[in-house]
Amino acid sequence: RVVGHLENRNYSMPFRSWVEFAEEEKAYELKLLESEVIVERCRRRWLKNTLARAHAAWCFMVAERQRLRTLIKKAVGRMKSGLIGRGFRAWVRNADAWRGAGA
């Protein structure tokens with residue numbers, strides 16, 4: 001019985017050390033996995049921030065183009081109104097002169 005116990009002890013010590021090693025390896029792999037998850041979260045956050053900045057810049061550019069387009073339309077409209085107004089006033093003067101000459 002004592003010899004069997006000593007024999008088992010000789011076999012169980014290497015097994016216990018292997019079990020400890022396996023547990024340590026598992027803990028290390030879990031830490032590594034946690035690190036990878038954290039890095040992936042940071043990468044995604046950075047990518048989202050980059051996309052958000054690009055989108056904001058695009059929105060600003062679109063708004064600026066719309067503002068400039070409206071400004072140009074107003075300016076062209078005023079120029080047209082001025083020309084039409086001058087033309088209409090000239091026509092009225094000519095019509096009055098023609099009526100005055102014919103009367």
Side-chain angles (χ1 to χ4, degrees):
R1 199 169 191 206
V2 173
V3 173
H5 180 69
L6 287 174
E7 228 174 66
N8 278 343
R9 193 170 125 193
N10 286 339
Y11 291 124
S12 69
M13 285 178 66
F15 179 72
R16 270 190 259 143
S17 74
W18 176 79
V19 168
E20 286 175 14
F21 173 77
E23 288 172 349
E24 288 173 5
E25 186 67 20
K26 186 177 179 181
Y28 174 77
E29 286 179 7
L30 285 175
K31 275 189 174 181
L32 190 63
L33 184 63
E34 279 181 23
S35 298
E36 289 175 1
V37 167
I38 290 170
V39 167
E40 180 63 19
R41 284 182 191 155
C42 290
R43 187 190 69 82
R44 285 183 187 168
R45 187 176 301 133
W46 178 79
L47 183 62
K48 284 179 185 177
N49 288 340
T50 302
L51 290 174
R53 281 193 304 273
H55 183 259
W58 179 79
C59 288
F60 176 77
M61 188 250 337
V62 168
E64 183 66 10
R65 285 186 69 181
Q66 288 175 339
R67 185 186 73 79
L68 292 174
R69 187 177 295 128
T70 302
L71 187 67
I72 289 173
K73 282 182 181 179
K74 283 183 182 179
V76 168
R78 286 180 184 153
M79 290 167 65
K80 281 184 179 178
S81 295
L83 291 174
I84 291 172
R86 268 187 266 148
F88 181 71
R89 285 190 293 277
W91 179 78
V92 168
R93 278 194 304 270
N94 289 337
D96 287 344
W98 180 71
R99 280 191 211 142

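Quick caveat: nothing in here was measured; it's all calculated off a predicted structure.
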Q: Between Glu23 and Lys26, is a salt bridge (charged side-chain N to carboxylate O under 4.0 Å, His left out) present by the stated rule, with each step listed?
A: CA-CA 5 Å; Glu23 288 172 349; Lys26 186 177 179 181; over 6 Å; no

Q: Assess whether a salt bridge exists between Glu34 and Lys31, defined as any Lys/Arg side-chain N lying under 4.0 Å from an Asp/Glu carboxylate O.
A: no

Q: With a 4.5 Å limit on heavy-atom distance, are the side chains of Val92 and Phe88 in contact?
A: yes

Q: Starting at OH of Tyr28, measure out to CZ of Phe21 and round the result to the nearest 0.5 Å.
A: 11.5 Å

Q: To the nearest 0.5 Å, how far apart are CZ in Arg43 and NZ in Lys48?
A: 10.5 Å

Q: So, taking the atom named CZ in Arg78 and the one named NZ in Lys73, what distance separates them when rounded to the nearest 0.5 Å?
A: 14.5 Å

Q: Is Arg16 paired with Glu20 through a side-chain N to carboxylate O contact shorter than 4.0 Å?
A: no

Q: Would you compute the distance between atom CZ of Arg44 and atom CG of Leu51 and round it to the nearest 0.5 angstrom?
A: 13.5 Å

Q: So, are Glu64 and Arg67 salt-bridged, with charged N and O less than 4.0 Å apart?
A: yes

Q: Once you round to the nearest 0.5 Å, how far does CG of Leu71 lie from CZ of Arg69?
A: 12.0 Å

Q: Could you give the distance from CD (Glu29) to CD (Glu25), rounded to the nearest 0.5 Å?
A: 5.0 Å

Q: For Trp58 and Val62, run side-chain contact (heavy atoms from CB on, under 4.5 Å): C-alpha distance rounded to whole Å, both residues' side-chain angles, the deciding distance at 0.1 Å, then the answer.
A: CA-CA 6 Å; Trp58 179 79; Val62 168; 3.7 Å; yes

